[in-house]
Amino acid sequence: MSTNVETIGNIIAKLRKEKNVTQEELAKFTQVSTQAVSKWENGGVPDTELLPKIADFFGVSIDTLFGRNITDYSDIENTLAKKIVKTTHKEKFELAFELCWVIERSICGSLLKFKGEGIKELREGLCENELRYSTIRDDNGFTSMGLAKRLPYFLIVPECADKDLAFFEGIDYVTFFKDFSDKAVFDSMVFLYKRDATKGFTPNLLVKNLGLAPEKAVEVIKIFSKYQILRNTQIEMDDVMQEIYTLDPTPSFYALLIFAREMIEPPNSFNYYQGGRTKPYLA
């Protein structure tokens with residue numbers, strides 16, 4: 001068994017080569033000379049106060065630098081929860097997305113974060129309109145991840161035992177897709193989702209803004225009400241009771257657009273693609 005000194009030097013060299021970084025890059029990050037890094041890798045040892053910086057640079061724990069394989073993950077949920085809770089509200093979703101990327105890479109079997117593979121680095125390297133994806137598809141489930149700046153998302157679906165119960169019993173997909181294949185219905189949905197959902201409206205709003213016939217606007221409102229997308233209130237105006245509607249938006253429509261787009265324009269640029277699924281998706 002190597003001594004701790006030898007272990008640290010060997011592990012630093014191993015991590016550096018695995019992540020394809022130079023001694024100069026590590027030296028610059030830790031604010032030491034390149035010769036110092038070379039000395040570590042040839043039997044020397046970093047000063048104690050440098051160990052946290054070295055660990056941060058490689059994205060590992062200090063225990064890893066000492067060759068200690070810590071595998072007690074019993075409190076990992078609380079650790080992650082504390083990290084997210086302590087993050088500012090504005091940054092919580094960005095942090096959660098970073099952790100989703102860790103999950104994605106880990107399921108693919110990538111234990112270490114190589115240079116340029118952090119989610120921020122990766123997305124900063126993409127062009128504004130470039131679409132990039134990651135997916136895992138095996139018999140235990142699948143993931144789908146959008147990495148582009150303009151459309152980031154993460155979906156993970158563990159294998160479902162009873163697909164008929166999950167998807168088909170009591171669900172009329174044909175009517176649903178028929179309803180939303182109507183251009184007036186789809187255009188109205190997009191229009192309302194771009195509008196302040198707290199503002200009330202009548203069918204006349206769709207007439208004025210989308211050019212719908214009054215009877216068609218009423219039909220669209222009825223379809224939205226059927227799917228509980230709208231709330232309605234009766235208000236008396238000029239001695240006449242009027243029905244006022246407000247949108248009750250669900251993120252499901254946003255998600256529907258994401259995955260409909262993937263079917264229309266299938267992804268062809270992946271950072272990770274792991275196949276191997278043999279089961280039919282709906283069997």
Side-chain angles (χ1 to χ4, degrees), residues 89-90 92-93 96-97 100 128-133 135 142-157 160 162-268 281-282:
H89 186 72
K90 183 178 179 181
K92 285 187 194 302
F93 274 91
F97 193 63
C100 289
E128 192 64 34
N129 293 324
E130 184 178 358
L131 294 177
R132 188 75 64 82
Y133 301 88
T135 186
F142 64 92
T143 70
S144 183
M145 191 167 191
L147 303 172
K149 293 179 182 179
R150 68 176 181 177
L151 193 59
Y153 67 88
F154 181 64
L155 172 73
I156 182 166
V157 183
C160 172
D162 191 337
K163 304 296 194 311
D164 287 335
L165 179 62
F167 294 108
F168 301 113
E169 291 187 10
I171 304 296
D172 185 355
Y173 288 102
V174 174
T175 298
F176 172 81
F177 284 115
K178 180 180 178 181
D179 285 340
F180 281 89
S181 67
D182 184 323
K183 189 174 188 308
V185 174
F186 183 81
D187 289 348
S188 298
M189 190 75 158
V190 172
F191 170 72
L192 292 175
Y193 264 70
K194 290 181 176 181
R195 188 173 175 272
D196 183 351
T198 64
K199 295 170 65 175
F201 65 94
T202 67
N204 194 47
L205 180 73
L206 305 181
V207 174
K208 289 194 301 182
N209 286 274
L210 299 177
L212 302 186
E215 59 273 16
K216 185 63 177 180
V218 170
E219 179 187 334
V220 168
I221 293 294
K222 287 181 179 179
I223 289 173
F224 288 168
S225 298
K226 177 172 69 173
Y227 294 107
Q228 301 180 46
I229 297 168
L230 300 179
R231 298 177 185 272
N232 65 304
T233 308
Q234 288 194 336
I235 297 178
E236 185 174 348
M237 295 182 65
D238 300 329
D239 298 326
V240 177
M241 296 300 294
Q242 289 202 48
E243 201 89 10
I244 304 298
Y245 299 92
T246 54
L247 182 69
D248 190 10
T250 166
S252 297
F253 180 62
Y254 190 96
L256 184 65
L257 293 180
I258 289 175
F259 295 109
R261 180 186 178 121
E262 283 198 14
M263 294 194 72
I264 296 167
E265 296 181 354
N268 57 16
Y281 280 100
L282 292 177

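For reference, positions follow the sequence shown, starting with 1.
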Test L230 against D248 for side-chain contact (heavy atoms from CB on, under 4.5 Å), laying out the working first. CA-CA 5 Å; L230 300 179; D248 190 10; over 6 Å; no

Take T175 and K226 through the side-chain contact (heavy atoms from CB on, under 4.5 Å) test and state the conclusion after the steps. CA-CA 11 Å; T175 298; K226 177 172 69 173; 3.8 Å; yes

After noting the C-alpha distance and the side-chain angles of M189 and F180, does the key distance pass the side-chain contact (heavy atoms from CB on, under 4.5 Å) rule? CA-CA 9 Å; M189 190 75 158; F180 281 89; 4.1 Å; yes

Evaluation steps, side-chain contact (heavy atoms from CB on, under 4.5 Å), between L205 and F191: CA-CA 10 Å; L205 180 73; F191 170 72; 3.7 Å; yes

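When the shell of 6.0 Å around CZ of F93 is examined, it contains 12 or fewer heavy atoms from other residues, nucleotides or ligands.
Looking at heavy atoms from C-beta onward, R132 lies in side-chain contact with E130 at the 4.5 angstrom threshold. Contact of the V220 side chain with the L206 side chain is registered, since non-hydrogen atoms from C-beta on lie closer than 4.5 Å. The side-chain heavy atoms of N268 and Y133, taken from C-beta on, include no pair separated by under 4.5 Å.
Under the 3.5 Å distance criterion, with hydrogens and angles disregarded, a donor-acceptor pair is assigned to the side chains of E243 and Q234. Judged purely by distance below 3.5 Å, without hydrogens or angles, the side chains of Y227 and D179 pair a donor atom with an acceptor atom. Residues T202 and N204 have side chains that never bring a donor and an acceptor to within less than 3.5 angstrom of each other.
At least one donor-acceptor pair under 3.5 Å links the side chain of R195 to the backbone N or O of K199. Judged by distance alone, with hydrogens and angles left aside, the side-chain atoms of S144 form no donor-acceptor pair with the main-chain N or O of L155 at under 3.5 Å.
Between K178 and S181 the shortest heavy-atom distance is O-OG, 2.8 Å. Nearest heavy atom pair, residue C160 against residue K163, reads O-NZ, 2.7 Å.
Classification of the F177-Y173 ring pair by plane angle, with boundaries at 30° and 60°, yields parallel.
Aromatic ring centroids of F154 and F97 lie 6.0 Å or more apart. Separation of the Y281 and F142 ring centroids falls under the 6.0 Å cut-off.
With salt bridges taken as basic N to acidic carboxylate O contacts below 4.0 Å, one links E219 and K216.
Residue I229 forms a side chain to side chain contact (heavy atoms under 4.5 Å, CB included) with just one option from I223, L247, I221, and that option is L247.
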